[in-house]
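Okay, structure first, notes after.
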Amino acid sequence: MRERIEWRGDNPLNAVIAGTHYKAYLVANLALNDGPQAAAEHFRLELAIVRAAMAFYDD
């Protein structure tokens, strides 16, 4: 998971999906509300990356 999420500062809300400008919490939030597949399609990310964002915030 660490290679998929990049920390930006000390606040976990500033973490982004590696290689993108997408905030990980936004990806995770959409996945929790609409499902991981919907988030993957919306952000054009692999499903595994969406699940990593969800796991990051589940921790």
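As the structure is a computational prediction, the values presented were derived from the model and not from experiment. By convention here, the first residue in the shown sequence is residue 1.
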Hey, what do you get for CD1 (I17) to CD1 (I49), rounding to the nearest 0.5 Å? 7.0 Å

Which pairs pass ring pair (Phe, Tyr, Trp, His ring centres under 6.0 Å) with one or both residues in residues 8-33, sequence neighbours excluded? Y22-F43

Sort and list the pairs that fulfil salt bridge (charged side-chain N to carboxylate O under 4.0 Å, His left out) and have at least one residue in residues 7-26, not counting sequence neighbours. E6-R8

What closest approach, in Å, do A15 and Y57 show between heavy atoms, and which atom pair accounts for it? CB-OH, 3.9 Å

Test item: L32 and M54 side chains (from C-beta on) under 4.5 Å apart, heavy atoms: yes

V16-F56 co-clustered via ILVMFWY side chain contacts under 4.5 Å: no

Answer yes if L47 and L26 sit in the same cluster of Ile, Leu, Val, Met, Phe, Trp and Tyr residues linked by side chain heavy atoms under 4.5 Å apart, and no otherwise. no

Where do A53 and A28 come nearest, in terms of heavy atoms and distance? O-CB, 3.7 Å

How close do A39 and V50 get, heavy atom to heavy atom, and via which atoms? CB-CG1, 3.9 Å

Taking side-chain hydrogen bond (donor to acceptor under 3.5 Å, both in side chains) as the cut-off, I'd like each qualifying pair that reaches into residues 39-50, sequence neighbours left out, listed once. Q37-E41

Under the side chain to side chain contact (heavy atoms under 4.5 Å, CB included) test, which residues partner N33, sequence neighbours left out? N29

